[in-house]
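For clarity, every value in this text was computed on a predicted model and none was experimentally measured.
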Amino acid sequence: SRGESRKKISQEQMRKLRAWNSLDWALYSHFNRSFWRQAREFGIQKLRREVEEIRRRREFLAGKCLRGGGPVPAQAIPDGNLRPFQPPGGEKILGFALREGLSPQDRELCGRMALPELPYKDLLERKQFGA
């Protein structure tokens, strides 16, 4: 999660960004069309129900697992393994601090779900390809 700062950009900057990101836009457009085609085949109402169930479960687990129930600044996360990488000169990346007093099982489950992207990628690679 990133901070909420929004910067105004000029029309010229917008034009350059669109040109620089034309391949990204083409990929996004392709997969967006593919997603909505599959969503229609699956059933939009069924998809909405499943999305709502995922949101409900996410809120339950956030309340169970997270101190404060949501993202916090990286420096407020006592467990260094759960602190997200902070790119130099960029926006501050938020992360998740676990509640105190979780059972060992809950701490493992909650810790996996709160893991930042780079350690999570490493975990997936170890599971997929071994140590």
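By the criterion of side-chain heavy atoms lying less than 4.5 angstrom apart, applied directly or through intervening Ile, Leu, Val, Met, Phe, Trp or Tyr residues, Phe85 is not grouped with Leu115; the two fall into different hydrophobic clusters. Under a hydrophobic clustering in which Ile, Leu, Val, Met, Phe, Trp and Tyr are joined whenever their side-chain heavy atoms come within less than 4.5 Å, directly or via other members, Trp20 and Met14 fall into the same cluster. By the criterion of side-chain heavy atoms lying less than 4.5 angstrom apart, applied directly or through intervening Ile, Leu, Val, Met, Phe, Trp or Tyr residues, Phe35 is not grouped with Tyr28; the two fall into different hydrophobic clusters. Grouping the Ile, Leu, Val, Met, Phe, Trp and Tyr side chains by contacts below 4.5 angstrom, directly or via other members, places Trp36 apart from Phe31.
Closest approach of Ala114 and Phe96 over heavy atoms only: CB-CB, 3.8 Å. When every heavy atom of Arg67 is checked against every heavy atom of Ala76, the shortest pair comes out as NH1-O, 3.8 Å.
A donor-acceptor pair under 3.5 Å is absent between the side-chain atoms of Asp106 and the main chain of Leu102, judged by distance alone. Side chain of Arg99 to backbone of Gly63: a donor-acceptor contact under 3.5 angstrom is found. Using modelled atom types, no side-chain atom of Gln86 and backbone atom of Ala74 make a donor-acceptor pair closer than 3.5 Å. Although no hydrogens or angles enter the test, the distance criterion places no donor-acceptor pair under 3.5 Å between the side chain of Arg83 and the main chain of Gln75.
Under a cut-off of 6.0 angstrom, the local environment of CD in Glu53 is crowded, with over 12 non-hydrogen atoms contributed by other residues, nucleotides or ligands. No more than 12 heavy atoms of other residues, nucleotides or ligands sit less than 6.0 Å from atom CD of Glu117.
Taken from CD in Glu125 to CD in Gln128, the straight-line distance is 8.0 Å, to the nearest 0.5 Å. To the nearest 0.5 Å, atom CG of residue Leu47 and atom CD of residue Glu41 are 12.5 Å apart. Phe42 contributes atom CZ, which lies 4.0 Å from atom CD of Glu50 (distance to the nearest 0.5 angstrom).
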Practice prompt. Please test Met113 against Cys65 for side-chain contact (heavy atoms from CB on, under 4.5 Å), starting from the C-alpha separation and ending with a verdict.
Written response: CA-CA 9 Å; Met113 293 193 313; Cys65 294; 4.3 Å; yes

Practice prompt. Could you go through the side-chain contact (heavy atoms from CB on, under 4.5 Å) check for Leu98 and Leu66 one step at a time?
Written response: CA-CA 5 Å; Leu98 299 184; Leu66 303 179; 4.2 Å; yes

Practice prompt. Check the pair Asp122 / Lys127 against salt bridge (Lys or Arg N to Asp or Glu O under 4.0 Å), numbers first and verdict last.
Written response: CA-CA 9 Å; Asp122 294 342; Lys127 282 184 175 282; over 6 Å; no

Fill in: side-chain contact (heavy atoms from CB on, under 4.5 Å) evaluation trace for Leu61 with Arg58
CA-CA 5 Å; Leu61 287 169; Arg58 185 197 149 286; 6.0 Å; no

Item to complete: Starting from the C-alpha separation in whole Å, work towards a yes-or-no answer on salt bridge (Lys or Arg N to Asp or Glu O under 4.0 Å) for Arg56 and Glu59.
Response: CA-CA 5 Å; Arg56 188 187 64 71; Glu59 287 177 25; over 6 Å; no

Worksheet item: Is there a side-chain contact (heavy atoms from CB on, under 4.5 Å) between Lys16 and Gln13 once you walk through the steps?
Response: CA-CA 5 Å; Lys16 286 181 180 179; Gln13 289 170 316; 5.7 Å; no

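Pro84 places a side-chain heavy atom less than 4.5 Å from the side chain of Ile77. Using a 4.5 Å heavy-atom threshold, the side chains of Trp25 and Leu17 count as separate. Between Gln45 and Arg48, some side-chain heavy-atom pair lies under the 4.5 Å cut-off.
The existence of a salt bridge linking Arg112 and Glu108 is confirmed by a sub-4.0 Å separation between a basic side-chain nitrogen and an acidic carboxylate oxygen. A salt bridge links Asp79 with Arg107: at least one charged nitrogen is closer than 4.0 Å to a carboxylate oxygen. A salt bridge links Arg15 to Glu12: one of the charged nitrogens lies within less than 4.0 Å of a carboxylate oxygen.
Lys64 forms no cation-pi arrangement with Phe60, by the criterion of a distance under 6.0 Å to the ring centre and an angle within 45° of the ring axis.
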